[in-house]
Amino acid sequence: MAEEQPSEALRPRTGAKAILAVHSAKGGVGKSTVSVNLAVGLGRRGLRVGLLDADIHGPSATVLLGNADWPDPGPEPNTIIPIEAHGIHFISMGNIANKQTPLIWRGAMVHNMLSQFYSQVLWPELDVLIIDMPPGTGDALLTTAQADPPSGVIVVSTPQELSLLDTVRGVRAFRDLNVPILGFVENMSFLSCAGCGDEADLFGQGAVEAVAEQLGYPFLGALPIDAAICESGDAGVPFVLKDGEAASVRAMSQVIDQVQAGLTEWETLTKWSVEWRAMDWLERVAEPPRQQQTEGYPLRALWQVSRDELGVMWNDGATHIVGTRSLRLACPCARCVDEISGEPLLDPKTVPGDISLKAVNSVGRYGLAPQFTDGHKSGIYSFPYLRALCEQGKTT
Ligand code: ADP
């Protein structure tokens with residue numbers, strides 16, 4: 001399969017101070033509704049907000065924000081300018097695909113499409129970028145993580161037991177990648193009577209809060225089932241812009257308050273990397289920026305040992321030398337491993353014997369993205385995965 005051009009294709013463009021990915025294990029739980037209203041609510045409070053609708057299977061920002069315009073081209077070739085609506089900038093497949101375009105994307109296609117969203121959308125200066133993620137924890141998260149690592153994830157769930165079980169599974173996947181969970185939102189929590197204001201519990205109100213507490217994550221708030229939420233979504237006017245007295249608007253404002261309060265803490269991490277050069281007698285050591293050298297960050301240093309060896313030193317002092325070819329062969333991306341069956345897709349014979357590295361870049365708090373000399377660079381090696389490779393001795 002043809003590789004996209006290295007270094008350009010996943011060049012981060014958003015430059016947002018904080019990037020919040022909104023996740024749900026399943027579709028239909030109100031993830032997009034929460035993303036859009038959070039974005040517009042933060043925008044109303046004076047923040048410069050972007051919304052990237054990465055749910056390319058079911059893009060809904062176009063409808064929820066009431067603007068189906070085509071994006072204008074940017075000044076550089078193959079670039080587009082995000083669309084504006086209700087005080088925020090956004091981009092969605094709904095503004096690009098026409099009704100005939102099949103929205104059945106898998107693995108590498110999702111990766112390519114989202115990569116284009118990152119590299120070709122000219123975002124203005126942003127305080128916060130909200131990403132409406134596709135449901136589940138597939139390749140989309142890794143692509144997002146590689147392009148512009150999210151500060152963390154906001155998890156939306158309904159309180160039904162089945163939805164919660166999937167949610168807990170999803171959260172484990174994020175934990176494995178060391179992507180911080182910023183908090184949980186319970187949607188369709190209770191029925192609020194528009195007339196008397198009474199609340200009726202339909203699905204088990206409070207269950208998401210209980211799970212958040214059990215797992216040790218913040219709870220950001222609970223939104224009622226409210227016909228007005230659905231109607232305003234269909235009308236393209238986010239409900240958070242409506243009557244401030246409604247229970248749903250008050251509940252959403254509380255979620256926005258909490259997110260706004262957390263923004264400084266969630267500002268994105270500085271990227272760092274080790275670049276491969278022609279070897280001289282000096283080994284080049286790269287260390288994470290000081291503010292990143294916290295207890296939870298597992299890496300102390302990376303360096304170029306030789307043309308085809310990477311040195312890795314962990315925070316606990318363990319040190320490994322990793323062969324670049326074995327690192328390439330272990331690439332876990334959707335091009336190299338079938339994301340559903342786990343079967344290898346990479347034919348080792350296609351990997352040059354003298355393969356080397358161009359650079360190894362940090363990816364948020366959760367891993368590394370090597371750029372190989374064969375142009376391949378779509379793999380993210382989460383720290384636990386890299387550590388396991390090192391310890392199995394597969395990498396020497
Ligand atoms: P997802 O992004 O998880 O697929 P959506 O945000 O598109 O879900 O919501 C699915 C449908 O449910 C939409 O029609 C939306 O208007 C409606 N909806 C979402 N949250 C609520 C709510 N709290 N009360 C009533 N309807 C809601």
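When reading the values below, keep in mind they use all heavy atoms of this one structure, side chains included, and skip hydrogens, waters and symmetry mates. Remember, it's 1-based here, ligands and their atoms both numbered in the order they're listed.
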Kindly give the heavy-atom pair with the smallest separation between Gly30 and Asn187, and that separation in Å.
CA-ND2, 3.4 Å
Among Ile130, Asp127, Leu126, the one residue meeting side chain to side chain contact (heavy atoms under 4.5 Å, CB included) with Val49:
Ile130
Evaluate the ring planes of Phe372 and Tyr381, with Trp represented by its six-membered ring, and classify them as parallel (under 30°), tilted (30 to 60°) or perpendicular (over 60°).
tilted
Tell me, yes or no, whether the heavy-atom count around Arg387 atom CZ, taken from other residues, nucleotides or ligands under 6.0 Å, exceeds 12.
yes
Under 4.0 Å from ligand 1 - residues by heavy atom, chain and number:
Gly27, Gly28, Val29, Gly30, Lys31, Ser32, Thr33, Asn187, Met188, Pro224, Ile225, Asp226, Ile229, Cys230
Minimum heavy-atom distance Gly379-Pro370, with the two atoms named
O-CD, 3.6 Å
Distance-minimising heavy-atom pair for Ala228 and Asp226
N-OD1, 2.8 Å
